[in-house]
Amino acid sequence: MSSTNTRLKSAPASDESPDDAALPPSERTGTQEVTGARESTATRLTGPLGLAEGGTRTLIAPLEAGELPNVAQIKGLRLDQILLLTTGVLVVLIVGLLAALSVASTKSQFEETALVSKDRIQEQARELGQTVGQTIALTSATNLRDNNYAFLEEVAGSIVKTNPNILRVQIFDPDGVRMADSEGASEDKEDAAPVRRAERRLVSAFYRGQPISEIQEPIDYGSSSGKGLVVISYSLGGLQKQLASLEQDKRATVRATTLRMLGLGLGFVVLAGVLVAYQSRRITRPLGMLTGKVMQLAAGNLSARAGTAQGAGREVVTLGVVFNHMAERIKVLLEDVRAKAQLEREVSLARTVQETLLPGREGVQVGPLRIAGLVVTADACGGDWWFRAALDDRRIVIGIGDVTGHGLSTSLVATSATSGFASAMTLREPSQVNAQMLITALNVTLANVGRGEHQMSSALAVIDVSNGYIDYAAGAHPSPLVFNKRSGQIASLPARGPLLGASVESQFTSRQAQLRPGDVVVWYTDGLTEARDNAGKLYGTQRLAAAVQAHAHLSAEALRDAVLADARAFSAGQPQRDDITVVVAEFSPAA
């Protein structure tokens, strides 16, 4: 009975196909079995759970917060300082602009007033001078004609005395000789005087160091030489006094306006500073508290929550609400990470157990029969399995199965099936063990373990290596392909049966066949033929048969790897959707 559960010894390492070195690391990793330790053939092409490819390490997300950044090194103004400085500059600019406009407006008003006063006084002087000139011209015409110069002197002097703004009155004959002067009679009436044209005009000049307006009025007294001329020097001193007074008023008003605007601006600055300081405090205090809560959360305090920020504005209140929501979500996510880490550790343990129960990926030689198999899982743990064991010195058992679905639960079911398969071989004497008995026992085991919730397809074969006689049975599993190297013919070993695990009362039958020298039997799971390319096309049985036919000249290990490589190339760019298992048995008895 001890021979019924004896595992087959591995073939010598020198018989391993050189193509094995070209396989990806995920299909070349494992542990070499020597005296009990076993190399795993359950390999993964992808790692959605974060497990290392070809190993059993568990990736645990770090939960520590790590070293916090040194926020004390962050330079720059605080938010309240920025608000205060910005508001102060804005108020100063506005008040300064208003002050400049007010001063400019005051200056413009005074300058306009001064110009109007000057024009008015000059117009008054012109009108007065013209009136006086016309009066003198009328009264002087007869005296000029009679050469009564004394009378003219009296007239000129009286005019100056009666009008303080008239400083001097002069009367000239047509030749420009001064006939009369309010300043007094000249010793020489014939003194040359500046040449003046006898026409009505107004000339600006200076008299005794002060500005005057000279008003000239022609005198027509019937002289053949032409017209005489009256020249009245009208003082502009009053105008200058008025302009000076206006200038003083302007300066005083501008100074008062400037001081008033400065005081008003200072008051605005102080008031704005107080309001900004108060408001910025209302805004920045909740932000500071929120910053502190963020630092606590970053330090690992997952219970840190922000309070309600009253009067800080809708945005700050919203920020606090969002922070609390994020803190709660982070807490939940970290709990999920811990749960996931625990799950990954459990998956890693299940994978280790599964790898221990699966045969190694190296081929074994039992007489004329060489066997090599491999499981490529879609997830960390797979639902595919295969098994090989010797019943006695002549017969060997090969089994393959595919639990519906994939993942941790299916891997546990597959592990149980593998253990059940090994246990079924010990139920009877080796001579009484056949394919029908093994698959029936496996169905009962799976039905009891899975309680009808898990089903499995499976194919079993008992091969007599001495003569190539094969007894096989299957339950809803793809029929293995049989290719003969010598004839080039390809066939299959069909067997019918229901899914295993649905019911303990399920019935199975076995069939028999004869292997010929050169036959290569290929068992596989539907994950191989249902692999899809970018267009969604299935790999299919025909492509599998073509791959077997093309690489049948290789060893069992190399043929297995070539089939897997062909499927991988066909579905390049597409994720692996299901576990893939390929088992190759080559019957090559000596001639």
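We're numbering straight along the sequence, starting at 1.
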**Message:** Check whether Ser108 reaches the backbone of Ala104 with its side chain - one donor and one acceptor, N or O, closer than 3.5 Å.
**Reply:** no
**Request:** Could you tell me the separation between the CG atom of Leu93 and the CG atom of Leu90, rounded to the nearest 0.5 Å?
**Result:** 6.5 Å
**Prompt:** Considering only heavy atoms from C-beta outward, does the side chain of Ile232 approach that of Ile159 to under 4.5 Å?
**Reply:** no
**Request:** Working to the nearest 0.5 Å, report the span between CD of Gln542 and OG1 of Thr529.
**Result:** 12.0 Å
**Asked** Does any N or O in the side chain of Glu153 come within less than 3.5 Å of the main-chain N or O of Asp181, such that one atom is a donor and the other an acceptor?
**Response** yes
**Message:** Quiz question: by atom type and distance under 3.5 Å, do the side chains of Thr377 and Asp379 form a donor-acceptor pair?
**Reply:** no
**Item:** No-hydrogen, no-angle side-chain donor-acceptor test under 3.5 Å, Asn534 and Gln574
**Value:** yes
**Complete:** Closest non-hydrogen contact found for Ala304 with Lys293 is CB-O, 3.8 Å
**Asked** Is there side-chain contact between Ser233 and Glu214, with heavy atoms separated by less than 4.5 Å?
**Response** yes
**Message:** To the nearest 0.5 Å, what is the distance between CE on Met295 and CG on Asn301?
**Reply:** 12.5 Å
**Prompt:** Taking atom types as modelled, is there a side-chain donor on Thr581 or Asp384 under 3.5 Å from an acceptor on the other?
**Reply:** yes
**Message:** Other residues, nucleotides and ligands only: do more than 12 of their heavy atoms fall within 6.0 Å of CD on Glu199?
**Reply:** yes
**Item:** Nearest heavy-atom neighbours spanning Leu167 and Ser182
**Value:** O-OG, 4.2 Å
**Request:** Output yes when Arg178 and Glu183 qualify as a salt bridge under the 4.0 Å nitrogen-oxygen rule, no when they do not.
**Result:** no
**Prompt:** Hey, what do you get for CZ (Arg200) to CG (Leu229), rounding to the nearest 0.5 Å?
**Reply:** 11.5 Å
**Min side-chain heavy-atom separation Arg329-Met326 under 4.5 Å** = no
**Prompt:** Can you find a pair of side-chain heavy atoms, one from Ser245 and one from Asp249, that are under 4.5 Å apart?
**Reply:** yes
**Asked** Is the side chain of Ser105 donor-acceptor paired with the backbone N or O of Leu101 at a distance under 3.5 Å, no angle test?
**Response** no
**Message:** Between Glu328 and Arg305 (salt bridge meaning N to carboxylate O under 4.0 Å), is one present in this structure?
**Reply:** yes
**Under 3.5 Å donor-acceptor, Gln576 side chain and Val376 backbone** = yes
**Request:** Report yes or no: does Asp579 contribute a side-chain atom to a donor-acceptor pair with the main-chain N or O of Ala378 at less than 3.5 Å?
**Result:** yes
**Item:** Considering all heavy atoms, the nearest Ser158-Val155 contact
**Value:** OG-O, 2.8 Å
**Request:** State, to 0.1 Å, how close Leu290 and Ala306 come at their nearest heavy-atom pair, and which atoms those are.
**Result:** CD1-CB, 3.6 Å
**Message:** Just verifying a value: how many Å separate Arg251 CZ and Arg255 CZ, rounded to the nearest 0.5 Å?
**Reply:** 9.0 Å
**Item:** Non-hydrogen side-chain atoms of Arg532 and Leu538 separated by less than 4.5 Å
**Value:** yes
**Request:** Could you pull out all residues at least two apart from Phe570 that satisfy ring pair (Phe, Tyr, Trp, His ring centres under 6.0 Å)?
**Result:** Tyr539
**Asked** How long is the span from the CD1 atom in Ile219 to the CD1 atom in Ile171, to the nearest 0.5 Å?
**Response** 5.5 Å
